[in-house]
Amino acid sequence: MTLLKPELSREVADAIASGGPVVALESTIITHGMPYPANLETALAVEAVIRENGAIPATIAVVNGALKVGLEPAELEALAKTKGVVKASGRDLAVAMVRGISAGTTVSATMLLADLAGIDIFATGGVGGVHRGAEQTFDISADLTELGRTKTAVVCAGVKSILDIAKTLEYLETQRVPVIAYGTDEFPAFFTRRSGFAADHRLDTPEEIVKAMLLHHGLGTGTGLLIANPIPEASALAPEFIDGTIADAVAEAEAKGIGRKELTPFLLARINELSRGESLKANIELVKNNAALAAKMAVAYAALKKAAKAHS
Ligand code: PSU
Ligand code: MN
């Protein structure tokens, strides 16, 4: 069966056709990850950072049932403002298309669509993972299984300690996903630069990371790669402050019986409220930082692929 082709914006289509650098961006961070208007401002700022670093941004979402890769500013604004937009992981896309609805795409759905579009690199804030208490709830994000089957490199700031970080790293190992920390030995914990867990690998330049990407795909592994880029020092939160906030939010979710796909959006919103916006500020800075690294990787990867082609 032939695979579907998402609808590419003109700019993204041209960049892909010429082998130019493109960075995919997700939209659940817009619809469920941040409040309006910070969500829209951040989405636009992140696109600008990608351009400043020499690549073309491709924000991905479902708009009235259409799979879109590269959104117009008006489409971004509508997604950011509309209440009750669906959160779609990869498994939800087909039904969203049939119903003709709009949806924010999670890391899992965004990887799937980026791959169909021919985009290799994707920047976000944090990926989903194994939730605390997963031994009872079985709550493991589809982001992790998608990383095990789709060849996209995802640049994130590690994972939040709303998750069980140790189990998340174990699960990534099972899924055969290389976890590469950028410029650090430790796997970062989103709001903080350290998690207490060593990363499997450390690389110190975007050029080395994309070389590893090309080799990883050349081995026919079939999996994605997770690139963990620690939050800039100046924007990092104090662990004692944010860990307490996260623990309160997790306890509240448990008391209220919140689970399944509502859990992550609930925790993100509550952490933002309980931290009086401190977490949101840090979140915005780390996403921009990830976008810059992803764009540099995309520029280096485009050059590497062109050189590889010329030699073959
Ligand atoms: N974690 C964050 N910010 C986010 C998300 C997770 O720190 O915005 C979003 C991403 O879109 C991610 C999704 O793919 O939540 C994971 O949801 P779940 O845990 O339900 O799989
Ligand atoms: Mn879940």
Side-chain angles (χ1 to χ4, degrees), residues 24-35 38-39 42-43 46 59-62 79-80 85-93 103-114 122-148 150 152 154-165 167-168 171-172 175 188-192 195 224 226 228-231 237 242 245-246 249-250 253-254 257-272 275 279-291:
L25 296 163
E26 61 147 309
S27 47
T28 293
I29 189 170
I30 303 171
T31 57
H32 292 75
M34 290 183 189
N39 59 352
T42 306
V46 166
T59 302
I60 295 181
V62 186
L79 270 184
V85 177
V86 164
K87 168 185 165 192
S89 75
R91 69 174 192 153
D92 303 310
L93 292 171
T105 49
T106 65
V107 169
S108 119
T110 306
M111 287 179 74
L112 182 76
L113 295 175
F122 161 21
T124 187
V127 294
V130 180
H131 278 271
R132 296 192 197 175
E135 60 274 32
Q136 299 297 329
T137 61
F138 277 39
D139 192 344
I140 299 172
S141 176
D143 294 353
L144 300 186
T145 42
E146 196 73 47
L147 277 159
T150 300
T152 315
V154 181
V155 180
C156 69
V159 300
K160 289 197 175 87
S161 58
I162 59 173
L163 301 172
D164 185 322
I165 298 179
K167 287 193 180 70
T168 300
Y171 202 87
L172 287 162
Q175 292 290 317
F190 198 88
F191 296 121
T192 56
S195 66
L226 193 66
N229 184 27
I231 184 171
L237 300 181
I242 196 65
T245 303
I246 287 172
V250 169
E254 215 177 290
I258 292 167
R260 304 193 65 190
K261 70 192 285 186
E262 280 80 40
L263 179 59
T264 298
F266 173 85
L267 292 173
L268 299 179
R270 273 313 271 154
I271 291 165
N272 182 34
S275 74
S279 72
L280 181 60
K281 260 196 270 170
N283 199 345
I284 293 168
E285 291 313 311
L286 67 84
V287 179
K288 288 200 243 172
N289 188 49
N290 294 344

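Side-chain atoms are counted along with the backbone in the values below, which use heavy atoms only and exclude waters and symmetry mates. Along the sequence shown, residues carry numbers from 1. Atoms within each ligand, like the ligands themselves, are counted from 1 in listed order.
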Go through the steps to decide whether Leu144 and Leu172 satisfy the test side-chain contact (heavy atoms from CB on, under 4.5 Å), and finish with yes or no. CA-CA 6 Å; Leu144 300 186; Leu172 287 162; 3.7 Å; yes

Given 3.5 Å as the limit, does a donor-acceptor pair link the side chain of [X] with the main chain of [Y], or not?
| X | Y | result |
| --- | --- | --- |
| Asp143 | Ser108 | yes |
| Arg270 | Val250 | no |
| Ser27 | Thr105 | yes |

May I ask you to identify the nearest protein heavy atom to [atom], giving residue, atom name and distance to one decimal place in Å?
| atom | result |
| --- | --- |
| atom 11 (O) of ligand 1 | Glu26 OE1, 2.7 Å |
| atom 21 (O) of ligand 1 | Ser141 OG, 2.7 Å |
| atom 1 (N) of ligand 1 | Gly126 O, 3.6 Å |
| atom 9 (C) of ligand 1 | Thr28 CG2, 4.2 Å |
| atom 13 (C) of ligand 1 | Asp143 OD2, 4.1 Å |

When you look for heavy atoms under 4.0 Å from ligand 1, do you find them on the side chain of Thr264, its backbone, both, or neither?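 Side chain only.
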
Could you tell me whether Leu268 approaches ligand 1 through its side chain, its backbone, both or neither, with non-hydrogen atoms closer than 4.0 Å?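 Within the 4.0 Å criterion, Leu268 contacts ligand 1 through side-chain atoms alone.
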
List every atom of ligand 1 that sits less than 4.0 Å from any heavy atom of [X], numbering the atoms from 1 in the order shown and giving each element.
| X | value |
| --- | --- |
| Lys160 | 2 (C), 3 (N), 7 (O) |
| His131 | 19 (O) |
| Phe190 | 7 (O) |

Heavy-atom closest contact (Leu163 atom, Gly128 atom, distance): CD1-C, 3.9 Å

Between ligand 1 and Gly33, is the shortest N or O to N or O distance under 3.5 Å? no

Is the number of heavy atoms from other residues, nucleotides or ligands within 6.0 Å of CD (Glu135) greater than 12? yes

In a check of side chain to side chain contact (heavy atoms under 4.5 Å, CB included) between Ile30 and each of Thr42, Thr59, Leu25, which one passes? Thr59

Find, among atoms of Asp139 that are N, O or S, the one nearest to the Mn ion (ligand 2), and state its name. OD1

Proximity winner for atom 17 (O) of ligand 1, if only heavy atoms of His32, Lys87, Met34 are counted: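 Looking at heavy atoms only, Lys87 sits closest to atom 17 (O) of ligand 1.
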
Go through it in stages, so that I can follow the logic: the residues are Lys87 and Thr31, the test is side-chain contact (heavy atoms from CB on, under 4.5 Å), and I'd like the CA-CA distance, side-chain angles, deciding distance and then a yes or no. CA-CA 8 Å; Lys87 168 185 165 192; Thr31 57; 5.6 Å; no

With rounding to the nearest 0.5 angstrom, report the CE to OG distance, Met34 to Ser279. 9.0 Å

